[in-house]
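All remarks here apply to the structure that follows.
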Amino acid sequence: MSVIGAFCVTVMKDVCLNERMPGKCATCAQVCPHSVYALNMETGEMKVQNYNACVGCRICTEFCPTNAIRINPAEPEHYTRYPWTLGAIEEIHYKALTGEYLLRGFGTHGQTPNFDMITVVPSQIASSAPLDKYREECNMEVVIGEGTCQNPMTLQLPFVWPAMSFGALSKEAKLALAIGAAMTGIATNTGEGGLLPEERWYSHGYWDEAETEHIWEPGGALIVQWSTGRWGVSRDYVNRGDAVEVKIGQGAKPGMGGHLLGAKVTADVSKVRGVPVGSDALSPCRYYDVQTLDDMKHMVAFLRDVTDYRVPILFKLGPSRPYADVAACIEAGADAISIDGMVGGTGCSPDIVTQGVGIPTIACIPPAVQALKDYGVHHKVKLIALGGIRNGLDAFKCLAMGADAVGFGSAAEIALGCRVCYACHKGNCPYGITSQKEEFRARLDPIEGGKRLANFIHATAEEIKILTMLSGHGCTAELSSEDLRAMDLNTAAMTGLKLVGYERVLPIWEMGIRPEAAPSGNGKKHRKQVAAG
Amino acid sequence: MKIYDAQNNDLKTVNSYLKESLNGKPVPLKNAVHLHGLASGLQHGEVLVQGDTGDYLGVLNDGATIHVTHDTGRYLGDNMTGGTIIIEGDAGFGAAQYCYGGTVVIRGSAGDFTATMNKGATIIVCGDVGSEVGTYMLKGDLIVLGNAGKNFANYLIRGSVFIRGQWQSLGNNTRQEPLTPEDLQRLQEYFTTYQIEADPAEFKKIVAASEKPFYH
């Protein structure tokens with residue numbers, strides 16, 4: 001479903017200030033970044049001039065002094081006229097008018113298989129007794145790179161902020177993420193847009209570059225991303241991270257590189273990325289300097305060498321062929337692998353790619369875990385699940401399915417104030433999260449944003465603690481698929497979890513069939529090795 | 001001068017040796033063709049490699065001078081930000097990609113995708129280059145004395161591309177522009193510095209047609 005035409009704008013004239021006193025209030029027109037409202041300069045009257053332009057960000061409702069505006073989704077029409085909904089019709093009109101396909105920010109919408117049809121199995125008398133959330137400890141620490149580098153990266157809670165670049169996000173949002181990480185002991189990630197100077201010391205909890213004034217406890221970690229566009233990347237850059245992440249793909253647009261439209265390439269972004277102001281920064285879809293898996297192994301080797309074997313090397317995958325892709329990452333020498341499901345976020349992507357390419361997160365985790373087990377490295381090479389994870393319940397399910405940590409990308413943006421309008425790519429985010437415009441950025445205070453993010457993480461950690469302990473565990477590392485049940489056949493078939501009532505995994509999983517290998521043959525080669533013992 | 005023999009040594013051992021030995025004097029070494037990522041991330045000093053080298057020579061170089069007497073493998077000088085790399089022979093696929101600065105001189109020929117996403121380095125190839133050379137270049141100079149393959153300077157955004165020979169086809173978003181006196185002077189300075197026999201006036205200059213060439 002297209003974003004355009006998805007919302008109905010209603011202005012209640014009986015309470016609208018402008019209606020009673022034309023010219024006295026033009027707040028909605030002033031704050032709307034999408035020109036939904038128009039002010040008649042002669043009469044002072046306000047009107048809705050373009051209903052279809054509303055993306056549902058609801059900044060007008062936030063600012064309206066009399067609470068006169070209602071933004072409602074046009075959902076009933078979705079049911080009555082499907083598939084020819086207003087959104088579908090407007091999309092065709094747009095293409096016919098402009099010759100251009102649609103872009104979208106944020107991520108996938110609509111129904112995709114998710115965690116909702118999985119339930120948590122609590123402890124009772126037959127299993128180990130539940131633990132007391134209020135009076136007993138629950139260890140959630142995750143260490144990445146033990147035994148492979150001098151300084152393994154420790155996450156005090158099993159969370160990361162996934163890669164979100166400067167350019168896609170504002171400076172204020174990036175710094176808020178760093179502060180949020182510092183306040184919770186988790187890791188933030190540069191994304192592929194280079195490193196903001198403050199990002200390093202803020203993420204560690206320091207106010208100053210020299211790292212003498214520690215103001216945010218306990219201090220977090222910084223992951224620097226190495227990607228196909230290599231924006232702002234240098235020897236110095238890779239040495240500033242507590243880990244280096246090699247980006248292969250992302251959930252919202254697997255098989256494509258990063259998109260940063262020219263509207264968001266400001267002087268600051270240009271300086272960091274080396275792209276002319278106003279010129280689109282379109283990252284390549286693949287590494288020009290990697291052609292084979294052996295090349296990837298060499299890349300990992302030189303990244304370890306350049307960083308003096310101090311920090312772990314992570315990989316980030318889009319949702320394609322999880323078993324074969326994870327196997328390839330293991331062979332390349334990864335210390336941790338992030339796998340981003342199709343609901344993962346993006347600053348900008350072709351609409352059809354975000355909506356129709358890739359596989360959901362819950363279907364990525366089981367084959368990824370299987371690959372790790374087949375190589376004998378499950379929980380040694382850490383698995384980080386990303387893509388559409390909303391709360392502690394989703395996160396718990398990922399951990400119990402075999403992940404070691406989870407990432408909150410979209411949820412982090414929402415915690416900063418985002419209302420999910422899917423228009424990040426336009427650069428007009430009224431909450432200052434995905435905009436580079438001064439007037440919008442001024443609405444986001446990095447320190448306040450960092451506190452909101454930390455609050456979200458603390459609350460989510462408590463949720464995981466509740467679920468872990470009521471399942472009879474004192475540590476998230478003890479969780480297993482036995483702590484979960486699928487509540488329908490589809491979910492049981494996709495995940496290999498036991499089906500409620502049936503209390504067994506479905507026969508298709510008991511047959512032990514390995515997932516399909518990649519066409520490149522990497523997976524086939526691996527299967528032969530496994531078969532040969 | 002003692003020549004370090006890299007044969008039978010792994011990347012970590014050899015690069016550690018280089019980092020410890022670069023203290024003002026050139027460090028010679030030989031038998032390094034099996035190493036991919038040799039002399040990575042160096043910030044100063046001079047390395048003299050006798051013979052051929054493997055892939056990713058001088059990756060992330062940030063100030064060192066690296067001189068190779070014969071050929072080098074793929075991805076030479078990958079993502080370097082400073083320093084100089086001189087190859088007396090040929091370079092394989094993807095030489096000098098993703099570079100932000102520094103100079104790469106290849107006295108022989110170079111493969112496809114050389115100088116891809118160049119963001120500020122000077123890259124000189126005295127022989128021929130393959131196809132897709134100079135793709136998505138954003139800054140810097142690319143100078144080719146020989147001929148080029150298909151899609152030369154494809155989707156050029158900024159920077160200058162100079163070629164003395166012919167191309168099979170020019171890439172998207174390119175146009176030819178006359179050489180300026182500043183161009184001629186700059187080319188002559190490069191040729192003098194790196195002892196290359198060429199007349200700057202024989203070169204053609206290619207620049208970007210637009211800084212915003214993409215569909216979106």
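Each chain gets a letter, A, B and so on, in the order its sequence line appears, and its residues count up from 1. What you see is a predicted model; the values in this text were computed from it and never measured.
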Heavy-atom pair of closest approach, residues [X] and [Y]:
| X | Y | result |
| --- | --- | --- |
| A/Val306 | B/Gly41 | CG2-N, 4.0 Å |
| B/Phe113 | A/Tyr288 | CE2-CE2, 3.5 Å |
| B/Met117 | A/Trp231 | CE-CH2, 3.5 Å |
| B/Leu138 | A/Gly274 | CB-O, 3.9 Å |
| A/Trp226 | B/Leu60 | CZ3-CD1, 3.9 Å |
| B/Asp78 | A/Phe302 | OD2-CZ, 4.3 Å |

Do any N or O atoms from the side chain of [X] and from the backbone of [Y] form a donor-acceptor pair under 3.5 angstrom?
| X | Y | result |
| --- | --- | --- |
| B/Lys12 | A/Tyr309 | no |
| B/Tyr56 | A/Asp289 | yes |
| A/Asp305 | B/Gly37 | no |

Exercise. Between B/Asp62, B/Thr135, B/Asn61, B/Asn15, which has the largest tally of heavy atom pairs under 4.5 Å with chain A?
Worked result: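 Heavy-atom pair counts peak at B/Asn15.
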For this session: Find the one option among B/Thr116, B/Leu42, B/Asp55, B/Leu38 whose heavy-atom pairs under 4.5 Å with chain A are most numerous.
Result: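 Ranked by contacts with chain A, first place is B/Thr116.
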For this session: Can you tell which part of B/Ile157 gets under 4.5 Å to a heavy atom of chain A, answering side chain, backbone, both or neither?
Result: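 The answer is the side chain of B/Ile157.
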Problem set entry | Part of B/Tyr136 lying under 4.5 Å from any heavy atom of chain A |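 Side chain of B/Tyr136 only, per the 4.5 Å heavy-atom cut-off to chain A.
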Exercise. Between atom CZ of A/Arg230 and atom NZ of B/Lys119, what is the distance when rounded to the nearest 0.5 Å?
Worked result: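 Spacing of CZ (A/Arg230) from NZ (B/Lys119) equals 7.5 Å.
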Exercise. Would you say B/His36 and A/Asp294 make side-chain contact, with heavy atoms under 4.5 Å?
Worked result: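 Side-chain contact under 4.5 Å: no.
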State whether the number of non-hydrogen atoms from other residues, nucleotides or ligands found under 6.0 Å of [X] atom [atom1] is greater than 12.
| X | atom1 | result |
| --- | --- | --- |
| B/Lys150 | NZ | no |
| A/Ile352 | CD1 | no |
| B/Gln168 | CD | yes |

Problem set entry | Region of A/Arg273 that comes under 4.5 Å of a non-hydrogen atom in chain B |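 The backbone, not the side chain.
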Exercise. What part of A/Asp236 gets closer than 4.5 Å to chain B, counting heavy atoms only: side chain, backbone, both or neither?
Worked result: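 Contact with chain B: none, neither part.
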Exercise. Can A/Gln291 and B/Tyr75 be counted as having a side-chain donor-acceptor contact under 3.5 angstrom?
Worked result: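 Distance-only check passes for A/Gln291 and B/Tyr75.
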